[in-house]
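These notes concern the structure reproduced below.
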Amino acid sequence: MNSKKPRDPLFPKGFEETKELKKEFSKNYPKPNKKDDELTPLKRLNHKLGVYLSPNSIDISDDEKKKKIGVIITTLILTTIIISAYYFIIYEPYQEELTLAKTTKLNELHDLYTGALTASPNAFSLENKINNAKSPEEIGQIDILAQATKDWKSFHIKSINSNQDKYNRTMAIYSNESKNVILPTYQAIQMVNENNAEVLSKIKFEVPNTVSVPVLISRLQAGAGLINVGSIVDIYTNNTYTNESYVLNNTTPDISGCTVLAIMRYEDNGEIDSEYSKSSMLVKGNNTNPNENTKSFSSDVLELLKGSIINGYDEKETMDLLKNYGVKLSNYERQINLGDLNAQYMLLIETPQDKVEYIINNMDNIVLTIPTSHAPNWMITEINSTY
């Protein structure tokens with residue numbers, strides 16, 4: 001019996017023959033097995049990278065070596081250019097700006113925190129902030145002046161209260177101007193409250209150490225003779241004086257806040273020899289009747305005072321009459337715009353002890369001025385009437 005399966009009429013003709021041929025071909029010519037060392041695409045990529053990164057591990061051709069060296073050199077050149085450009089264009093200028101900002105801010109710190117506040121905890125704290133700042137903007141936000149002003153005000157107010165004499169005065173010493181100012185404690189506290197650290201860092205307060213110095217000066221030097229006992233005066237010099245202790249100029253007083261303790265006017269100003277005469281004439285016809293009314297007065301103020309002392313005159317009445325004679329005379333001369341410009345004055349002036357030598361050496365050149373803050377009544381009246 002024939003067991004062969006009949007051909008499917010719907011199956012393509014000749015397909016069975018082709019299939020048999022493929023089997024026969026495969027049997028006679030088997031497909032070679034895949035080699036274990038065949039490289040996959042990923043391995044091929046790693047191989048090429050290894051050629052450049054691990055030149056000693058794999059043998060490469062001369063062309064590949066040249067190509068590799070060229071890539072390395074080009075990469076190094078580009079990297080160097082980029083790093084150099086960043087350093088010189090961005091990094092170095094930024095660091096210079098940061099260093100300059102730190103230096104400027106540290107200079108400001110050291111200028112304001114000097115003397116007694118050099119070792120202040122706040123000074124160290126501010127210095128650390130400056131040194132640790134990462135940008136100029138961060139440094140700019142550090143407000144040294146405000147903190148220093150607060151510290152100096154606190155320090156000076158305590159110093160004023162502990163450096164006053166029995167007259168409730170203190171002496172301000174300006175380190176940058178070589179001048180001293182004697183002033184009441186309330187004015188010193190007011191001055192401290194009205195200024196910032198730029199001024200306060202250059203001042204220190206001490207107990208006034210003063211002496212009275214006699215000076216013989218002209219009317220011009222004595223404030224036109226209108227200075228009174230108790231007047232507060234500033235002392236200037238009309239020349240530039242320089243030695244190891246002083247470097248002075250005319251922009252500020254050489255000595256400020258001095259008190260006038262006594263005034264003596266030149267003796268000739270006490271000699272009085274005056275005559276007042278008033279005449280008239282009446283004419284009636286051929287008759288002429290002259291009439292003259294004359295008053296004269298002659299005295300010596302100093303001799304009059306001497307007479308009262310030995311009870312030649314009533315001493316109290318004499319003193320009441322002569323009290324402030326010299327000041328009254330100068331004041332009347334001011335009002336009539338006529339006076340003795342050659343008058344000389346002996347004044348006793350309270351001044352800091354360390355300025356005595358300066359005053360004595362410059363007696364011919366000193367000029368006493370009256371600050372308007374301590375102006376006498378007549379000066380206040382004249383200023384008010386003007387403005």
Side-chain angles (χ1 to χ4, degrees), residues 96-165 167-210 232 234-236 244-258 352 354-355 371-374:
E96 289 180 353
E97 182 182 0
L98 179 60
T99 302
L100 178 60
K102 286 185 178 182
T103 302
T104 302
K105 192 62 86 170
L106 287 172
N107 289 339
E108 180 186 359
L109 175 68
H110 297 151
D111 286 341
L112 296 180
Y113 279 91
T114 60
L117 294 188
T118 301
S120 168
N122 287 332
F124 288 119
S125 176
L126 289 168
E127 186 171 359
N128 288 333
K129 283 184 179 180
I130 295 170
N131 290 328
N132 295 330
K134 304 301 183 184
S135 67
E137 293 75 18
E138 184 179 349
I139 294 175
Q141 293 175 357
I142 302 174
D143 193 348
I144 296 177
L145 181 60
Q147 184 61 54
T149 298
K150 182 179 178 181
D151 291 343
W152 274 116
K153 285 183 177 181
S154 176
F155 174 81
H156 279 320
I157 290 175
K158 292 179 182 178
S159 179
I160 290 170
N161 291 328
S162 61
N163 288 282
Q164 54 181 313
D165 60 12
Y167 309 108
N168 295 322
R169 302 178 307 173
T170 188
M171 183 165 66
I173 300 175
Y174 291 77
S175 60
N176 61 331
E177 298 178 7
S178 299
K179 72 172 183 177
N180 301 340
V181 180
I182 301 171
L183 66 170
T185 54
Y186 77 90
Q187 287 187 4
I189 293 174
Q190 182 180 2
M191 181 188 72
V192 167
N193 289 329
E194 291 176 351
N195 287 282
N196 61 21
E198 293 176 344
V199 175
L200 301 179
S201 62
K202 297 174 176 62
I203 301 176
K204 66 177 180 178
F205 292 93
E206 294 182 356
V207 178
N209 180 18
T210 61
I232 305 298
D234 292 340
I235 298 179
Y236 289 78
E244 295 180 356
S245 301
Y246 306 99
V247 178
L248 302 172
N249 53 56
N250 292 328
T251 59
T252 58
D254 301 326
I255 310 173
S256 183
C258 299
D354 61 351
K355 299 292 184 178
T372 53
S373 57
H374 299 98

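One-based numbering along the sequence shown. No hydrogens, no waters, no symmetry mates; every other heavy atom, side chains included, goes into these values.
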**Request:** Look at atom NZ of Lys102 and say whether more than 12 heavy atoms of other residues, nucleotides or ligands are closer to it than 6.0 Å.
**Result:** yes
**Item:** Under 3.5 Å donor-acceptor, Ser125 side chain and Pro121 backbone
**Value:** no
**Message:** Working to the nearest 0.5 angstrom, can you tell me the gap between Leu117 CG and Ser154 OG?
**Reply:** 9.0 Å
**Minimal non-hydrogen separation, Asp111 against Thr114, with atom names** = O-CG2, 3.3 Å
**Request:** Write down the atom of Ile203, the atom of Ala172, and the distance for their closest heavy-atom approach.
**Result:** CG2-CB, 4.0 Å
**Message:** Looking at every non-hydrogen atom in both residues, tell me the closest pair between Lys153 and Asn195 and how far apart they are.
**Reply:** CE-O, 3.3 Å
**Asn107 (side chain) donor-acceptor with His110 (main chain) under 3.5 angstrom** = no
**Message:** Among residues at least two apart in sequence or on other chains, which ones pass side-chain contact (heavy atoms from CB on, under 4.5 Å) with Glu138?
**Reply:** Ala133, Lys134, Ser135
**Request:** Using modelled atom types only, decide if a donor and an acceptor are shared between the side chain of Thr170 and the backbone of Thr185 within a distance under 3.5 Å.
**Result:** no
**Request:** Rounded to the nearest 0.5 Å, what's the gap from CD1 on Ile173 to CD on Glu206? Could you check?
**Result:** 3.5 Å
**By ring-ring contact (aromatic ring centres under 6.0 Å, His included) - contacts of Tyr113 (at least two apart)** = none
**Prompt:** Considering all heavy atoms of both residues, which atom of Tyr236 and which atom of Asp254 are nearest to each other, and what is their separation?
**Reply:** C-OD2, 3.5 Å
**Flag side-chain contact, heavy atom, 4.5 Å: Asn209 against Val207** = no
**Prompt:** So how far is it from Asp143 CG to Lys105 NZ, rounded to the nearest 0.5 Å?
**Reply:** 7.0 Å
**Asked** If you measure from CG on Leu126 to CD1 on Ile142, what distance do you get to the nearest 0.5 Å?
**Response** 7.0 Å
**Asked** So, for Ala197 and Thr149, which heavy atoms are closest and what is the spacing to 0.1 Å?
**Response** N-OG1, 3.0 Å
**Message:** Can you tell me how far apart NZ (Lys129) and CD (Gln141) are? Round to the nearest 0.5 Å.
**Reply:** 11.0 Å
**Request:** Using a 4.5 Å cut-off on heavy atoms from C-beta on, say whether the side chain of Asn161 contacts that of Ile189.
**Result:** yes
**Prompt:** Is there a side-chain contact (heavy atoms from CB on, under 4.5 Å) between Asp234 and Val181 once you walk through the steps?
**Reply:** CA-CA 9 Å; Asp234 292 340; Val181 180; over 6 Å; no
**Request:** Report yes if some heavy atom in the side chain of Leu106 is under 4.5 Å from a heavy atom in the side chain of Asn131; otherwise report no.
**Result:** yes
**Asked** If you look at every heavy atom in Glu108 and Ile144, which pair is closest and at what distance?
**Response** OE2-CB, 4.0 Å
**Item:** Separation between OG of Ser201 and CZ of Phe155, rounded to the nearest 0.5 Å
**Value:** 12.0 Å
**Asked** Does some side-chain heavy atom of Ile182 sit less than 4.5 Å from a side-chain heavy atom of Ile232?
**Response** no
**Message:** Between Ile160 and Met191, is there a side-chain heavy-atom distance shorter than 4.5 Å?
**Reply:** no
**Prompt:** Is the closest side-chain heavy-atom distance between Ile255 and Pro352 below 4.5 Å?
**Reply:** yes
**Item:** Ile139 side chain reached by Leu98 side chain, heavy atoms, under 4.5 Å
**Value:** yes
